[in-house]
Amino acid sequence: MTNSAQNSAIAGKPLVGIIMGSTSDWETMEHAAKTLEQLGVPHETRVVSAHRTPDLLFEYASTAEQRGIEVIIAGAGGAAHLPGMAASKALLPVLGVPVESKALKGLDSLLSIAQMPGGIPVGTLAIGKAGAVNAALLAAAILGNKYPEIREALRKFRQSQTAKVLATPDPAKAVLSAVIAPRKNTKRKKRA
Ligand code: RP5
């Protein structure tokens, strides 16, 4: 968490609940957690499976709002019903991250999450890491309407992202420096 968030009124109180169907989803969902961390947005992370722990899912989703959670990010793979089920039990905005599945590369997860019948919405992001990062950024944008420090953190994130792109306008030089850079660390070791 950033210093400004640690000192602010939002410190310590999780505003975003990141849930995922399995510990195997963490490789993807940690990017949502890291992005929220970078923005100073307090969050919690839990494995909550729609089909392996349905009672826990119902309890988590139906009590999230009263515990102070304002946005739920739900990641799942395969027949990914977790985000839709969470949305059905919570009035909070639910952002779904399709985790890349082995059999169908996450296309199954994407369609399961995106194709919600009208009535219970799930905001669906891209498959995999990009979706996890963007779910966190979208959660921050939603929270930014209420919390000025989160809006400001998001503004700074965007500015720094833009500055990084503008700092390396020539991709050939960027590739060259990436190739040359490791050589700096391969100095011959002195004999003992
Ligand atoms: C879903 O099944 C999870 O979201 C995960 O993406 C997928 C596979 O889970 P594991 O078999 O790796 O636990 O419930």
Side-chain angles (χ1 to χ4, degrees), residues 1 10 12-144 150 153-154 157 161:
M1 199 181 296
I10 61 168
K13 174 186 148 199
L15 294 175
V16 178
I18 302 177
I19 57 174
M20 61 213 82
S22 168
T23 49
S24 67
D25 296 328
W26 178 243
E27 201 180 314
T28 301
M29 299 310 292
E30 69 176 329
H31 297 288
K34 279 180 186 165
T35 305
L36 290 176
E37 193 77 30
Q38 210 180 327
L39 296 169
V41 178
H43 57 279
E44 62 181 24
T45 51
R46 298 273 185 284
V47 172
V48 178
S49 169
H51 52 273
R52 291 174 181 147
T53 63
D55 294 339
L56 174 62
L57 164 62
F58 268 43
E59 193 208 326
Y60 184 93
S62 57
T63 61
E65 188 172 350
Q66 71 200 47
R67 290 190 302 105
I69 297 293
E70 297 190 21
V71 180
I72 292 175
I73 295 176
H81 33 262
L82 178 66
M85 289 300 291
S88 76
K89 291 296 284 181
L91 280 175
L92 302 171
V94 175
L95 307 178
V97 179
V99 171
E100 188 174 325
S101 55
K102 282 186 191 137
L104 299 174
K105 301 282 176 210
L107 188 57
D108 44 355
S109 325
L110 173 67
L111 296 178
S112 301
I113 296 173
Q115 288 302 108
M116 285 296 288
I120 302 291
V122 172
T124 309
L125 286 303
I127 297 169
K129 179 182 172 183
V133 169
N134 281 346
L137 294 173
L138 192 50
I142 293 167
L143 293 167
I150 295 178
L154 193 56
F157 175 92
Q161 181 170 249

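Throughout, residue positions are numbered sequentially from 1 according to the sequence presented. One-based numbering, in listed order, for ligands and for the atoms of each. A quick note: this is a predicted structure, and the numbers were derived from the prediction, not measured.
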CG of Leu137 to CD1 of Ile142, rounded to nearest 0.5 Å, is 11.0 Å
Atom 14 (O) of ligand 1 sits nearest the protein heavy atom His51 CE1, 3.0 Å
In this structure, CG of Leu15 is separated from CG of Leu36 (nearest 0.5 Å) by 9.5 Å
With nothing but distance in play, are any N or O atoms of Ser22 less than 3.5 Å from an N or O of ligand 1? yes
In this structure, CD of Glu27 is separated from NZ of Lys129 (nearest 0.5 Å) by 11.0 Å
d(Glu30 CD, Thr35 OG1) to nearest 0.5 Å is 10.0 Å
Within 4.0 Å of some non-hydrogen atom of Ala76, the atoms of ligand 1 are 4 (O)
Min over Gly78, Ala80, Gly77, Ser24 of heavy-atom distance to atom 2 (O) of ligand 1 lands on Gly77
min-distance protein heavy atom vs atom 11 (O) of ligand 1 -> Arg52 NH2, 3.2 Å
Closest to atom 6 (O) of ligand 1 by heavy-atom distance, out of Val48, Asp25, Leu82, is Asp25
OH (Tyr60) and CD1 (Ile69) are apart, to the nearest 0.5 Å, by 4.5 Å
